[in-house]
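In this chain, numbering begins with 1 at the start of the sequence shown. These figures come from a predicted structure and were not determined experimentally.
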Amino acid sequence: MNKKIWIKSPLAILAENADNGIVIQGSKIVELVPKGALPMSAFDEIYDAAESVVLPGLINTHHHFYQTLTRAHPDALNKELFPWLTSLYKVWTHLDETMIYHSTKLALTELLLSGCTTASDHHYVFSENLENAIDIQVEVARELGMRVVLTRGSMSLGQDDGGLPPQSVVQDEQRILDDSTRLINTYHETHQGAMTQIALAPCSPFSVSTELMIESAKIAKENKLCLHTHLAETIDEENFCLKKFGMRTVDYLEHVGWLHDRTWLAHGIHFNDEEIQRLGAAKVGIAHCPTSNMMLASGICKTLELEKQGAIIGIGVDGSASNDGSNMITEVRMAMYLQRLKYGSSKITHQKAFEWATKGSAQILRRDDIGEIAVGKEADLALFKLDELRFSGSHDPLAALLLCGATKADRVMIAGKWKVIDGEVLEMDIKQLMLQHSAQAKKLYTAALNN
Ligand code: ZN
């Protein structure tokens with residue numbers, strides 16, 4: 001029998017009827033302890049959470065781990081999406097498997113330290129020497145014990161066929177579909193508490209053929225998988241769709257068989273009222289990526305209108321070349337602030353922002369076992385202490401995390417196991433990780449420079 005741990009009397013907790021804490025057994029939450037009460041059954045261990053603000057583990061729904069190697073890259077500074085991408089594609093062509101290993105490890109570690117317990121990644125660069133990128137990501141996630149939804153991204157529409165990316169990073173459709181099937185059969189877990197899941201993610205309308213969108217949707221349907229892509233991020237993309245396909249983005253989404261509740265879209269900014277209504281009716285998920293949207297000046301996602309119509313909102317940090325960090329708690333703060341600018345302070349509360357990054361994010365990944373502190377859910381938790389200068393003098397502990405700008409979790413638990421203690425990842429040499437990662441970043445920078 002697994003031992004029971006009582007996370008006792010937290011300073012604050014984002015859960016109903018759990019003022020005196022929660023009890024964990026194995027990988028699950030087995031009891032909520034109300035105010036003034038003790039756990040109903042015997043427990044083996046106590047963790048005194050008197051100084052901790054306890055959140056459900058934060059869930060990141062959009063990222064490109066490899067981009068941690070091209071943060072603040074001089075070729076990409078001060079540009080909007082299309083010119084930014086065109087500058088960086090030339091660099092990303094030189095990615096190799098060692099780079100994928102170290103960038104995945106660094107991004108996941110950074111996310112973990114910011115209170116993230118489940119991370120999705122959208123990897124779509126598969127040059128000749130990068131066939132096994134997803135296999136490497138699975139290996140790293142397992143090494144760290146993080147819960148992941150890895151998407152098999154793809155690009156099949158190169159410059160020769162009117163797309164944006166160079167030919168060297170696009171693959172033919174059949175090769176992409178065969179590899180997608182291989183990855184699903186090898187890694188995708190379907191049980192409650194799954195640690196590794198696969199989704200299919202053709203990159204964007206301007207880098208993928210219509211045929212690949214349609215065939216990916218068919219494979220996803222057969223395997224009950226989620227589908228992911230970038231959509232309606234910029235007006236340039238909308239104009240591209242009108243010119244290339246004679247359709248607006250949502251018409252295109254419907255045309256290729258993606259307008260349903262297993263689809264989640266990164267950004268989802270430029271929708272009109274009628275499109276929002278259709279996306280809502282289909283219960284499509286939207287990964288809101290506030291920092292990236294501000295960095296590339298893409299626009300502001302219409303979160304409340306989308307939610308009102310039935311769409312689901314989650315949060316994503318987006319790739320580390322357009323953020324340029326992978327910090328989930330900071331991203332929740334950004335979402336709250338950017339959305340306040342659109343809707344006003346009283347409509348976008350700190351609770352609302354937390355809800356997007358937990359319950360909302362879980363829902364868009366079609367997971368009902370994470371994203372909430374409740375009996376029967378997986379024990380994925382992020383504990384923060386208010387022991388830095390920035391918190392001194394604060395009163396409401398939950399609001400303080402966002403308003404004072406928390407950046408670092410004190411403890412993180414995934415599936416009932418502590419992964420971070422006293423702000424440090426267990427069994428991890430951070431200095432070594434940074435040395436190895438920055439060496440790979442330099443290698444990539446130099447390779448691109450010499451070509
Ligand atoms: Zn992205």
Side-chain angles (χ1 to χ4, degrees), residues 1-16 18-33 39 43-60 108-120 140-149 189 192-196 326-329 332 354 357-359 361-362 365 367-387 397-398 401 406-428 430:
M1 200 64 177
N2 288 316
K3 64 181 180 186
K4 282 189 178 174
I5 310 171
W6 177 21
I7 313 259
K8 186 189 165 193
S9 311
L11 178 64
I13 184 164
L14 194 68
E16 299 287 323
D19 290 2
N20 240 10
I22 53 179
V23 181
I24 311 294
Q25 186 173 31
S27 74
K28 290 192 187 311
I29 297 166
V30 293
E31 190 183 339
L32 305 183
V33 188
F43 48 87
D44 308 287
E45 240 177 63
I46 291 181
Y47 176 70
D48 184 353
E51 292 177 20
S52 305
V53 183
V54 182
L55 304 179
L58 303 173
I59 300 172
N60 183 37
L108 282 173
T109 303
E110 200 184 347
L111 285 166
L112 183 59
L113 284 168
S114 70
C116 174
T117 52
T118 299
S120 180
V140 177
R142 287 181 176 167
E143 203 182 300
L144 292 171
M146 274 193 82
R147 216 182 281 285
V148 285
V149 179
E189 299 169 2
Q192 290 276 304
M195 293 298 292
T196 309
S326 310
N327 191 307
M328 243 337 251
I329 189 72
V332 186
F354 279 129
T358 54
K359 250 191 218 176
S361 283
L365 299 176
R367 295 286 299 244
D368 59 9
D369 55 345
I370 55 173
E372 219 180 325
I373 295 177
V375 171
K377 304 278 176 185
E378 289 291 299
D380 290 3
L381 305 170
L383 281 65
F384 292 82
K385 281 192 177 169
L386 308 180
D387 58 357
L398 269 172
L401 286 186
T407 58
K408 205 165 181 270
D410 175 60
R411 281 192 173 231
V412 179
M413 177 182 271
I414 302 177
K417 295 192 186 90
W418 292 116
K419 295 290 166 191
V420 173
I421 290 183
D422 296 335
E424 290 187 14
V425 181
L426 298 183
E427 295 162 36
M428 163 82 74
I430 293 277

key: Side-chain donor/acceptor of E110 to backbone N/O of S326, under 3.5 Å   = yes
query = Do side-chain atoms of N2 reach the backbone of Q25 as a donor and acceptor pair under 3.5 angstrom?
reply = no
note = Nearest heavy-atom approach of F384 to S114 is CZ-O, 3.7 Å
message = Is it the case that the side chain of D422 and the backbone of E424 share a donor-acceptor pair, with hydrogens and angles ignored and the cut-off at 3.5 Å?
response = no
query = To the nearest 0.5 Å, what is the distance between CG (L55) and CD1 (I373)?
reply = 7.0 Å
Distance-minimising heavy-atom pair for V54 and P10 = CG2-CB, 3.6 Å
request  = Quick one: pull up CG in D410 and NZ in K385 and give me the separation to the nearest 0.5 Å.
outcome  = 4.5 Å
inquiry  = In the structure I gave you, are the side-chain heavy atoms of R142 and T196 within less than 4.5 Å of one another anywhere?
reply    = yes
message = Could you check whether any side-chain heavy atom of L11 comes within less than 4.5 Å of a side-chain heavy atom of E51, counting everything from C-beta outward?
response = no
note = Nearest heavy-atom contact between G371 and I59 is CA-CD1, 3.7 Å
Heavy-atom pair with the smallest gap, counting every atom of A409 and V412 = CB-CG2, 3.7 Å
query = Hey, what do you get for OG1 (T358) to CD1 (I370), rounding to the nearest 0.5 Å?
reply = 10.0 Å
request  = Please report the C-alpha distance between F43 and V30 in whole Å, then the side-chain angles of each, then the deciding distance to 0.1 Å, and finally whether the side chain to side chain contact (heavy atoms under 4.5 Å, CB included) criterion is met.
outcome  = CA-CA 11 Å; F43 48 87; V30 293; over 6 Å; no
ask   = Between I29 and V23, is any pair of side-chain heavy atoms under 4.5 Å apart?
value = no
key: Pairwise side-chain contact, L112 with I414, heavy-atom cut-off 4.5 Å (strictly under)   = yes
request  = Spell out, as yes or no, whether a donor-acceptor pair under 3.5 Å connects the side chain of E372 to the backbone of K359.
outcome  = no
request  = Go through L58 and T117 one step at a time and tell me if the side chain to side chain contact (heavy atoms under 4.5 Å, CB included) criterion holds.
outcome  = CA-CA 6 Å; L58 303 173; T117 52; over 6 Å; no
ask   = Can any side-chain N or O of R367 pair as donor or acceptor with the backbone N or O of A194 at less than 3.5 Å?
value = yes
inquiry  = Main chain of G423, side chain of K408: is a donor-acceptor contact present, judged purely on distance under 3.5 Å?
reply    = yes
Any donor-acceptor N/O pair, N60 side chain to M328 backbone, under 3.5 Å = no
key: Main-chain N/O of V149 paired to S120 side chain as donor or acceptor, under 3.5 Å   = yes
inquiry  = Using a 6.0 Å cut-off, check whether atom CD of E16 has over 12 heavy atoms from anything other than its own residue.
reply    = no
query = Rounded to the nearest 0.5 Å, how far does CE of M195 lie from CE of M146?
reply = 8.5 Å
request  = Identify the heavy atoms of A12 and P397 that sit nearest to each other, and give their distance.
outcome  = CB-CB, 3.8 Å
message = Side chains of V420 and R411, heavy atoms from C-beta outward: is any pair under 4.5 Å?
response = no
task = Any chance you could lay out the side chain to side chain contact (heavy atoms under 4.5 Å, CB included) test for I7 and V33, step after step, and finish with the verdict?
result = CA-CA 9 Å; I7 313 259; V33 188; over 6 Å; no
ask   = Looking at CG of L111 and CD1 of I329, how far apart are the two atoms once the value is rounded to the nearest 0.5 Å?
value = 12.5 Å
message = Go through it in stages, so that I can follow the logic: the residues are S9 and N20, the test is side chain to side chain contact (heavy atoms under 4.5 Å, CB included), and I'd like the CA-CA distance, side-chain angles, deciding distance and then a yes or no.
response = CA-CA 4 Å; S9 311; N20 240 10; 3.0 Å; yes
I'd like a table of donor-acceptor pairs (distance under 3.5 Å, sequence neighbours excluded) in which one partner is a side-chain atom from residues 374-381, with atom names and distances.
{"residue": "K377", "atom": "NZ", "partner": "D368", "partner atom": "O", "Å": "2.7"}
{"residue": "E378", "atom": "OE1", "partner": "S27", "partner atom": "OG", "Å": "3.4"}
{"residue": "E378", "atom": "OE1", "partner": "R147", "partner atom": "NH2", "Å": "3.0"}
{"residue": "E378", "atom": "OE2", "partner": "S27", "partner atom": "OG", "Å": "3.4"}
{"residue": "E378", "atom": "OE2", "partner": "K28", "partner atom": "NZ", "Å": "2.9"}
{"residue": "D380", "atom": "OD1", "partner": "R147", "partner atom": "NH2", "Å": "2.9"}
{"residue": "D380", "atom": "OD1", "partner": "A415", "partner atom": "N", "Å": "2.8"}
{"residue": "D380", "atom": "OD2", "partner": "R147", "partner atom": "NE", "Å": "2.8"}
{"residue": "D380", "atom": "OD2", "partner": "R147", "partner atom": "NH2", "Å": "3.4"}

inquiry  = To the closest 0.5 Å, what do you measure between OG1 (T109) and CD (E143)?
reply    = 9.0 Å
inquiry  = Looking at every non-hydrogen atom in both residues, tell me the closest pair between A382 and G115 and how far apart they are.
reply    = CB-O, 3.5 Å
